[in-house]
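In what follows, a single structure is set out as structure tokens and then discussed.
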Amino acid sequence: MASIDAGLRDCPAMDGEILIAGAGIGGLTTALSLHQAGHAVRVFESVDELRPLGVGINLLPHAVRELEALGLREPLEAAGIATGTLAYHSAHGALIWSELRGVDAGYTWPQISLHRGTLQMTLLAAAQERLGADRIHLGHHLDGYDADDEGVTARFVDRSGAALSEARGRILVGADGIHSALRALLYPDEGGPRWNGAVMWRGVVEGEPFLDGRTMIMAGHTRQKFVAYPIRQLDDGRQLLNFVAEIRGERTDLTEREDWNRPGDLDEVLPAFESWDFGWLDAPGLLRRCEGVWEYPMVDRDPLPQWSFGPVTLLGDAAHPMYPIGSNGASQAILDARALTGCLRSHPDDPVKALLAYDEARRPATAQIVLANRGQGPEEAMQLVHDRAPDGFDDLAEVISDEALSEIADRYKRIAGFAIAELNARPSLADMDY
């Protein structure tokens, strides 16, 4: 765990540096990518201590190929599970759709399921080693900035709001999450995130492998869903399993700010899943064995008309927070980081032009995913089957065709940028011309 060092609070002014607000997955990947490309970088994080929080996360092949370019594929693959299959099931446990994933599907790169904390700590350790720990400033919350023709001056405060320091750089990147301070400065009248009425209870629990031990399953429909997949192999043959139990109600007004790390109460969700023991997966058993869960609403924000303003831009959840459907949130932040690096390489003497190119390359692409996820993305297949056969089915072909299911899956891959042939053929986003 990394904690604050009071000696890091005085940040010297250096016009050539790139300033990054946020030391999450997007911010740290951006720092590593820009450093690799020869840029001087400083990272400013609001919290006083970075800890390996969270539950499971998926890295899709297009993100893993970018992390491989940063030399991080091997440690991440060793720490997680190379997912081989994605399967959708009905609320009764009957198979609707199954497809190969990662290298099993023909990608050059794997799909990796692992603990989010492991991913962030791996990125943090690499950033501390490569950039230097003195370039990662904890306990620094972005409070404001001033831009001019030569660059940007960012102002930081501590948790109490007391002024800490100013930092000068060529560019300021806001990678500070769904409650981004920079986004709020750029769009002060936007308001809070949008909630679709769904609440997710997420946790991890040790257990016996299910199916082949490399499968990610989703069961249910829009109103009630259960997700499970392994994220770590244990020494005794068991696995660390990640689960999501989701229930959607009618209310969509948030009465308080959502928190990604708020403890939840299993008694609120367990009764709804008591009958979801499919034989090959015991959902209520996983819930009962779990020592604690995190609870939060499913939220996103509307796509923005513009990310980049002069020497300032947004990245990751600060730019395009999306529902956690299709395993895309973290992966898209990683793609942002690498595309930003490529844009700066393409326009080395004009950072404002580089940020506009980054905006044009990434904003429309991620806006499509945000909207697709609101329509259930690839999980649309489960809802269609539930609408047509709510009490179950004997012959899936009488409910929906393989061609329709395949088209749903392929369409989402195209929207999210990981269609197999196109991904395997193109260069890294950091090496493309913009």
Side-chain angles (χ1 to χ4, degrees), residues 18-22 24-39 41 43 59-73 108-109 123 127 170-177 180 182-183 186 303-322 326-370 372 413-419 422-434:
I18 295 176
L19 313 177
I20 301 171
I25 292 167
L28 290 172
T29 304
T30 303
L32 288 166
S33 187
L34 293 174
H35 173 78
Q36 182 187 62
H39 299 278
V41 182
V43 181
L59 295 174
L60 297 178
H62 54 2
V64 175
R65 88 83 56 80
E66 302 298 344
L67 292 171
E68 180 181 72
L70 294 172
L72 295 174
R73 171 177 168 174
T108 305
W109 303 272
L123 293 170
R170 285 190 303 135
I171 292 170
L172 171 62
V173 179
D176 47 346
S180 167
L182 183 55
R183 181 170 175 141
L186 297 174
L304 291 174
Q306 185 175 348
W307 291 356
S308 298
F309 297 81
V312 173
T313 196
L314 300 170
L315 183 144
D317 280 350
H320 49 72
M322 58 186 66
S327 304
N328 248 298
S331 291
Q332 292 300 321
I334 291 165
L335 300 190
D336 290 349
R338 299 292 286 167
L340 177 59
T341 302
C343 290
L344 288 167
R345 180 191 54 77
S346 298
H347 307 284
D349 300 320
D350 192 340
V352 172
K353 187 175 183 179
L355 294 192
L356 288 175
Y358 160 72
D359 190 311
E360 292 171 2
R362 293 297 298 156
R363 182 176 47 78
T366 54
Q368 286 190 72
I369 303 173
V370 170
K413 292 186 183 74
R414 292 193 298 270
I415 291 172
F418 66 106
E422 290 83 349
L423 175 58
N424 285 348
R426 71 162 172 78
S428 163
L429 294 180
D431 296 326
M432 294 177 66
D433 294 324
Y434 296 88

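Keep in mind that what you see is a predicted model, and the values were worked out from it rather than measured.
Using a 4.5 Å cut-off on side-chain heavy atoms (C-beta onward), Q332 and R362 make contact. Taking the side chain as every heavy atom from C-beta outward, T366 and D336 approach each other to under 4.5 Å. In this structure the side chain of V41 reaches within 4.5 angstrom of the side chain of I20, judged on heavy atoms. R65 is not listed as a side-chain neighbour of R73, based on a closest heavy-atom distance of 4.5 Å or more.
Applying the side-chain contact (heavy atoms from CB on, under 4.5 Å) test to A318 and every residue at least two apart in sequence or in another chain returns D176, S180, L314. Checked against ring-ring contact (aromatic ring centres under 6.0 Å, His included), W307 has the following partners two or more places apart in sequence or in another chain: H320, Y358.
Minimum interatomic distance between L28 and A127 (heavy atoms only, all atoms of both residues): CD2-CB, 4.1 Å. Closest heavy-atom contact between H62 and A416: NE2-O, 3.2 Å. The minimum heavy-atom distance between R363 and L304, with the atom names listed, is CD-O, 3.3 Å. Closest heavy-atom contact between Y434 and H347: O-NE2, 2.9 Å. Pairing each heavy atom of S331 with each of L60, the nearest pair is OG-N, 3.0 Å. Between A357 and C343, the shortest heavy-atom contact is C-SG, 3.7 Å.
One distance of note links OG of S308 with NZ of K353; it measures 14.0 Å at 0.5 Å rounding. In this structure, the separation between CG on L355 and CD1 on I171 is 4.5 Å, given to the nearest 0.5 Å. Separation of atoms CD (Q36) and CG (L70) is listed at 5.0 Å; rounding is to 0.5 Å. Between atom OG1 of residue T29 and atom CG of residue L340 there is a gap of 12.0 Å, rounded to the nearest 0.5 Å. With rounding to the nearest 0.5 Å, the separation of CZ in F418 from CG in L335 is 10.5 Å.
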Show the atom names and distances, to 0.1 Å, of all donor-acceptor pairs under 3.5 Å that link a side chain in residues 423-430 to residues at least two apart or in another chain.
from	atom 1	to	atom 2	distance (Å)
N424	OD1	T108	N	3.1
N424	OD1	T108	OG1	3.2
N424	ND2	G106	O	2.9
S428	OG	E66	OE1	2.6
S428	OG	R338	NH2	3.1
S428	OG	A430	N	3.2

Walk me through it: do T30 and I18 pass the test side chain to side chain contact (heavy atoms under 4.5 Å, CB included)? CA-CA 10 Å; T30 303; I18 295 176; over 6 Å; no
For the pair L19 and V173, evaluate side chain to side chain contact (heavy atoms under 4.5 Å, CB included) and give the outcome as yes or no after the intermediate values. CA-CA 6 Å; L19 313 177; V173 179; over 6 Å; no
Would R170 and H39 satisfy side chain to side chain contact (heavy atoms under 4.5 Å, CB included), going step by step from the backbone distance to the final call? CA-CA 10 Å; R170 285 190 303 135; H39 299 278; 3.0 Å; yes
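Between the R183 side chain and the A319 main chain, a donor and an acceptor come within less than 3.5 Å of each other. In this structure, T341 contributes its side chain and A337 its backbone to a donor-acceptor pair below 3.5 Å.
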